[in-house]
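Each remark here refers to the structure printed beneath this line.
The structure presented is a predicted model; accordingly, all values stated were derived computationally and were not measured. Below, chains carry the letters A, B, ... as their sequence lines are ordered, and counting in each starts from 1.
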Amino acid sequence: MLLPLFIFTIVFVLGPLVYMVVLSFLQRAETWGVTNEFTFKNYLNILEPVYLSTFVESFKLAIISTVLIILIGYPFGYFMAKLTAKWKKRTMMLLMIPFWTSSLIRLYGWIIIFRANGVLDKILMALGITEEPLKVLYTYPAVVVGMIYALLPFMIFAVYSSAEKMDWSLVEAARDLGASRMRAFLTVTLKMTLPGLLSGIILTFVPSMGLFFIADILGGNKVVLVGSLIQDQLMKAHNWPFAAALAVVLTVITSVMIALYRKISGVKELEGIV
Amino acid sequence: MEHILELKNIKKSFGGVNVLNGIDLRVEPGEFITLLGSSGCGKTTTLRIISGLETPDSGSVLLEGADVTHTEPNRRNVHTVFQNYALFPHMNVEANIGYSLKLRGMKKPEIKSRVKEMLELVQLTEYGDRMPGELSGGQRQRVAIARSVVDSPKVLLLDEPLGALDLQLRRMMQIELKRLQKKLGITFIYITHDQEEALNMSDRIAVMRGGLFEQIGTPGEIYDRPKTAYIARFVGSANILNIGGKCLAVRSEALELKKDSEGYISGTVKEKSFAGGMLRIAVDTETCGEIVASRHGIDSPLMPGDRVGITWADGAAVEVEP
């Protein structure tokens, strides 16, 4: 019974991965493709300041996005778990509906909102909050909003699935034993929902390193992420080995994060992705 | 004499349903008082109002004379042993027991020695580093109790703490709890729907029904002089007989059955059954419906269909409110 699964995994997961790693040690050919010469050059290349700073930028954006997503998504998932069954279903529905549309199309929606004299500017000016158009499109904040928009549901689902399973009488027990609301939250609720929060962090941080099209569409050329770099090296510069090396490094970083997550939470499955 | 706890005319409703309809209770220091009633009578709500997890719609809660009706649960010197124990699954036994001490900012070595004392008290010395998931029901129960008494609360509330245990363990824990209460001198307010448990353990019993205390008294008073037909039935498994406009409660073992005689009332034997060392004889009476007589022994010469006259000794019948 397991054989088809093995074959599938080897062909579609392990195969490409091995190919990528091998590719990352080869030389770029003069015209097109690669030559079969072994080299570390691609990896050394990453240490060039221009590329290294891309990694740092990606990291920074991922951290900012993830922190904001936690601040919005954790309370959301937490309070969602406290709703009645009927309202849980409705909220879940509302969160799912956007997924029925292509994420690319939804991003173009943000362009309409953010562009100069777009929906946002018109509203702000009509309310007299701003005098001039803000021109949010093609700025760093626009990219951050795009990231939050794309990844927030994953945090909400992860926290929700943890909080849903929570035995609320434990919080009452803590309060009864002398804990203030805050202490009860920190010592019980947060600890009990930590697996969900951590998997939410993984589910938002890891993709936000690679979601280059958000940075491209909402950030113009101002925000370059590792994802965009890989894409450019592959499609424009036709430097496959270097693109592969970048991808390997990204994969290693994310794998380390997932390993850390497992270690901290003691949980083997990521919560919230069923 | 100052009461350690006083409830004054407490009322509470949830979503338009009245759960408590004005209850009053005064508890003496060191007392073991049981709230006895069937499910839905409001006993858990009463407990939650005392602990502060619920606020009454009206009325007040006094702790050592001070009004705590609207005081946060963490600022009341009252702890609860929850029905499901509510042990923190992510903390080991020691951390569970030491939780309230840590909140109070007690130093680590001091916590450690207090927790050790508690573990000895509940006979779990070897289990300090176990997780709650690794304990049996009875052990969890004892951890829950240790956790609630470690910082010597004024009042301990116990919500059917033995409900999840099997009969034998229940009996043992009843004795152990009573011993613990005497030793610690903490006031216990205990909830149960098991009248035998209530009669065994309590200094006083408050029988609850429909969000009111129907009778508050010592186990002897409740058992021998039930105020109402409900209590007579619920606590003493008594038969309620309506005779001459009076409502009388007579316990099944006090009933005498004589074949083919008149007695105070008469009826027909319906069936005989043997349970728990007692023979139970159900009799259909013309005036009082089905009643049950019981006696020690395995069998009786009476057979289903026999006409019997029913009598009882003077003083065996107690007049009760219908």
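- Of the inter-residue distances, the one linking A/Thr187 atom OG1 with B/Leu103 atom CG reads 6.5 Å to the nearest 0.5 angstrom.
- Atom NZ of B/Lys102 is surrounded by 12 or fewer heavy atoms from other residues, nucleotides or ligands within 6.0 Å.
- Within 6.0 Å of the CZ atom in A/Arg90, the count of heavy atoms belonging to other residues, nucleotides or ligands exceeds 12.
- A/Ser180 OG to B/Arg75 CZ: the interatomic distance, rounded to the nearest 0.5 Å, is 8.0 Å.
- B/Val81 does not touch chain A: none of its heavy atoms, backbone or side chain, sits under 4.5 Å away.
- Residue B/His90 holds its NE2 atom at 9.5 Å from CG of A/Leu190, rounded to the nearest 0.5 Å.
- Among B/His79, B/Arg76, B/Arg48, the residue with the largest count of heavy-atom pairs under 4.5 Å with chain A is B/His79.
- Within 6.0 Å of CH2 on A/Trp168 lie more than 12 heavy atoms contributed by other residues, nucleotides or ligands.
- Proximity to chain A involves both the backbone and the side chain of B/Arg147, based on heavy atoms less than 4.5 angstrom apart.
- A/Leu177 CG to B/Asp151 CG: the interatomic distance, rounded to the nearest 0.5 Å, is 7.5 Å.
- In terms of non-hydrogen atom pairs under 4.5 Å with chain B, the most contact-rich of A/Arg183, A/Arg175, A/Met192, A/Lys191 is A/Arg175.
- Contact detail for A/Leu170 and B/Pro89: the closest heavy-atom pair is CD1-CD, 3.5 Å.
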Go through the steps to decide whether A/Val188 and B/Tyr99 satisfy the test side chain to side chain contact (heavy atoms under 4.5 Å, CB included), and finish with yes or no. CA-CA 11 Å; A/Val188 178; B/Tyr99 186 78; 4.1 Å; yes
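- Heavy-atom contacts from other residues, nucleotides or ligands closer than 6.0 Å to NZ of B/Lys116 number 12 or fewer.
- Interface residue B/Asn84: only side-chain heavy atoms are found under 4.5 Å from chain A.
- Atoms CG and CG, from A/Asp176 and B/Leu157 in turn, are 7.0 Å apart once rounded to the nearest 0.5 Å.
- Using a 4.5 Å cut-off between heavy atoms, A/Asp167 touches chain B through its side chain atoms alone.
- Residues A/Ala173 and B/Phe82 share a closest heavy-atom pair of CA-CE1, 3.5 Å.
- To the nearest 0.5 Å, atoms CD (B/Glu54) and CD (A/Glu172) are separated by 7.5 Å.
- Crowding of A/Phe99 atom CZ: a count of heavy atoms from other residues, nucleotides or ligands under 6.0 Å exceeding 12.
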